[in-house]
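Beneath this line is the structure, given in structure tokens, with notes to follow.
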Amino acid sequence: MSIELRHEDRIAILTINRPEALNALSSALLEEFRSELHAISRDENVGCLILTGAGEKAFIAGADIAEMATKTPLEARAYAELGQECANLLETMRAPTIAAVNGYALGGGSEMALACDIRLCSENAVFGQPEVDFGIMPGWGASQRLARTTSIGFAKELIFTGRRVKADEALARGLAQHVVPLPELMPKAMEMANVIASKSPVSIAYAKEATNRALAGDLATNYMVEADLFSILFSTEDAKEGLRAFTEKRKPDFKGR
Ligand code: CAA
């Protein structure tokens, strides 16, 4: 049971590796996950993060149900806060995050996928929020992110019924951006991650920050922040290089400054 982190150029690939429990996130695994996410968020060489699960059956089958069965309300609160912290790191870290959903993404697994900026799915992907089947409710962000990603009615339907959603429906509902056969999932994720990582990191970071605000705060402030971030980018070498490269009909050489 572990979290595996590897780097390919400017792409970080984080794999939840507990296939014997379909990559369910125990407290110990979540703590390891949090420390890897903190390290990645501080690593300026990372231009994009891909999150996936080990094996061919599951992305993350949620929180660890056996462990939850023994938790007191106070322990459950700490577990919720730890899961939320991991989800928030995925959502707010400077580098874009891609969930490569290679099978079951249930409960907390769906919640980690929802916290990523972009979701790519294999054809065997299955999303769902089955918490009510256990007499509990989502605790790692789905009560907010599912509605914001899809629609309030669809989110309530899934959260109240526990119904599972296959890849084609996830795509139709905007839960997934692309669906591909399982062998093509990581190549597709790497292709997209490489495109993102080839851009100026500072422009991507500001674009992510501004776009994240689309679902929070008031519109007038968000437009002002967008204009602020847009104008700040004009002080960077990358913007000068990117704009000049277009007029000189060549590829830009971004330095992250
Ligand atoms: N926690 C702990 N163990 C889990 C698990 C989980 N979430 N999901 C699967 N496992 C374990 C199973 O207990 C089983 O272990 P054993 O071999 O030791 O019995 C192993 O993984 C393989 O699972 P199955 O035999 O059940 O595999 P399957 O192919 O028959 O079914 C499945 C796959 C439909 C995903 C099924 O395992 C399942 O329904 N799992 C539970 C998924 C779930 O409901 N997750 C949400 C948890 S609640 C939550 O996440 C709260 C929150 O918001 C934070």
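Remember, it's 1-based here, ligands and their atoms both numbered in the order they're listed. Heavy-atom basis, side chains included; hydrogens, waters and symmetry copies ignored. Residues take their numbers from the sequence shown, with the count starting at 1.
- Distance SG/Cys48 to CD/Glu8: 12.5 Å, rounded to 0.5 Å.
- Glu81 and Arg77 are joined by a salt bridge, as a carboxylate oxygen and a charged side-chain nitrogen come within less than 4.0 angstrom of each other.
- A 6.0 Å sphere centred on CZ of Arg250 holds more than 12 heavy atoms belonging to other residues, nucleotides or ligands.
- Within the structure, no pair that satisfies the ring pair (Phe, Tyr, Trp, His ring centres under 6.0 Å) test touches residues 187-228, not counting sequence neighbours.
- In the model, Ser200 has a side-chain atom that pairs as donor or acceptor with a side-chain atom of Asp238 under 3.5 Å.
- Pocket lining of ligand 1, defined as residues with a non-hydrogen atom under 4.0 Å away: Glu20, Ala21, Leu22, Ala24, Lys57, Ala61, Gly62, Ala63, Asp64, Ile65, Met68, Tyr104, Leu106, Gly107, Gly108, Glu111, Pro130, Glu131, Phe134, Pro138, Gly139, Trp140, Arg164.
- Ionic pairing of Glu169 and Lys166 is not present here: no N-O contact between side-chain nitrogen and carboxylate oxygen is shorter than 4.0 angstrom.
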